[in-house]
Amino acid sequence: QVVESCVAAAGYSVGEFAALVFAGALGFAEALYAVKVRAEAMQKASEAVPSGMLTVVGQRQANYKFACLEARKHCESLGIENPVCEISNYLFPDSRVIAGHLQALEFLQENARKYYFTHTKMLPVSGAFHTRLMEPAVEPLAEVLKSIEIQKPLLCVYSNVDGKKYMHSKHIQKLLVKQVVSPVMWEQTMHSVYERKQGTEFPYTYEVGPGKQLGAILKKCNLKAWKQYNHVDALEDEEAAQT
């Protein structure tokens, strides 16, 4: 019943492919192949430069872009050419993921107090995803997406790149490629999805898959919308069937 009455979908980073499969824009097998190509190309790009991702929670006065600029200057002083340090994920008000050269991220951790960061934590990933360090992954993904038939989604799917609805199949093809080197605008997407006139009820929201991280983010972005949130663990039914 939920599936039949669903009006919108969104997926975080690689989850966007799942959202597009759900919305009928991509076939499951083709999407899986595209995800495989994307993952392998991103891994290869990660191996080229020692880089990573840092989750940051800041106070109201934190200036993330200025902190990134100073971290890049620090890298230049170490002799790193064209250093990368930029916001790669907008999570919720006062929280970002910053990605780039490891030396830049270490600098930010060491100077966290100066930039009004209350919490920093390195993510267990191999590279600076959603930054220009992923440029080598663009071409392989673009090629595979050209060979896949993409339909207009049957329901609204929101893009990570700009937080807006996909318009047509060419739009999907273009933005899925751009997503690899662009920040994930998740906080902006949450505002787009739940924007409504005052007094209008919020829809039921289902997070499908492992973990409840997106629910936790929704709670911080929109408490009223979160009150209608449910989590569906995709593995629960399978485990129950096997026992």
Side-chain angles (χ1 to χ4, degrees), residues 10-16 42 46 49-78 80 83-134 158 160-163 179-195 202 205 207 209-231:
Y12 186 94
S13 189
V14 71
E16 200 162 291
M42 286 170 80
S46 299
V49 178
S51 59
M53 302 179 85
L54 181 75
T55 302
V56 176
V57 178
Q59 294 172 38
R60 291 279 151 166
Q61 62 268 54
N63 185 331
Y64 304 95
K65 289 187 176 171
F66 176 67
C68 289
L69 174 68
E70 295 223 317
R72 289 197 296 275
K73 283 182 180 169
H74 167 72
C75 286
E76 283 169 359
S77 75
L78 300 175
I80 297 168
V84 172
C85 182
E86 56 200 55
I87 296 169
S88 63
N89 306 68
Y90 291 82
L91 299 177
F92 53 85
D94 308 322
S95 182
R96 310 276 183 272
V97 177
I98 293 173
H101 282 79
L102 283 180
Q103 295 91 331
L105 303 182
E106 284 158 9
F107 172 83
L108 290 178
Q109 284 189 294
E110 284 161 18
N111 295 278
R113 284 182 70 180
K114 178 187 174 184
Y115 300 116
Y116 301 101
F117 296 165
T118 51
H119 176 77
T120 61
K121 187 186 177 191
M122 286 296 290
L123 291 176
V125 295
S126 57
F129 305 142
H130 303 290
T131 69
R132 61 185 172 82
L133 286 175
M134 290 295 116
Y158 289 81
N160 285 182
V161 172
D162 57 10
Q179 191 229 57
V180 173
V181 289
S182 303
V184 174
M185 301 282 198
W186 193 255
E187 183 186 338
Q188 295 85 336
T189 301
M190 292 298 92
H191 294 316
S192 295
V193 170
Y194 297 104
E195 191 179 7
F202 284 97
T205 298
E207 179 176 1
K212 300 178 184 176
Q213 289 94 331
L214 299 181
I217 292 172
L218 175 59
K219 189 177 184 180
K220 289 192 163 75
C221 287
N222 191 325
L223 185 61
K224 284 184 177 174
W226 175 79
K227 286 177 177 169
Q228 304 277 48
Y229 161 89
N230 290 282
H231 175 247

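Being a predicted model, the structure only gives us computed values, none of them experimental.
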Answer yes or no: are there more than 12 heavy-atom neighbours, outside Glu195 itself, under 6.0 Å from its atom CD?
no
State whether a side-chain donor-acceptor pair under 3.5 Å links Gln188 with Tyr90.
no
How long is the straight-line distance from SG of Cys75 back to CZ of Arg72, given to the nearest 0.5 Å?
9.5 Å
Closer than 3.5 angstrom, by distance alone: can the side chain of Asn160 be matched with the main-chain N or O of Ser13 as a donor-acceptor pair?
yes
Nearest heavy-atom pair of Thr131 and Ser88: which atoms, and what distance?
CG2-CB, 4.1 Å
For residues 211-220, dump all side-chain donor-acceptor pairs below 3.5 Å to protein atoms at least two apart in sequence or in another chain.
none

Nearest 0.5 angstrom please: Gln103 CD to Ser51 OG, how far?
9.5 Å
Taking salt bridge (charged side-chain N to carboxylate O under 4.0 Å, His left out) as the definition, give me every residue that meets it alongside Glu187, ordered by chain and number, with sequence neighbours left out.
Arg96
To the nearest 0.5 Å, what is the distance between CZ (Phe129) and CE (Met42)?
5.0 Å
Report the residues that fulfil side-chain hydrogen bond (donor to acceptor under 3.5 Å, both in side chains) with Tyr64, sequence neighbours left out, ordered by chain and then residue number.
none
Pairwise distance CG(Leu123) to CG(Leu54) - rounded to 0.5 angstrom
7.5 Å
Please list all pairs passing the side chain to side chain donor-acceptor pair (under 3.5 Å) test where one or both residues lie in residues 115-126, with sequence neighbours left out.
Gln43-Ser126, Glu70-Tyr115
Just verifying a value: how many Å separate Phe107 CZ and His101 NE2, rounded to the nearest 0.5 Å?
15.5 Å
Nearest heavy atoms of Val49 and Leu133, plus distance in Å
CG2-CD2, 4.2 Å
Report the residues that fulfil ring-ring contact (aromatic ring centres under 6.0 Å, His included) with Tyr194, sequence neighbours left out, ordered by chain and then residue number.
none
Salt bridge (charged side-chain N to carboxylate O under 4.0 Å, His left out) involving Arg113 - partner list, sequence neighbours excluded
none
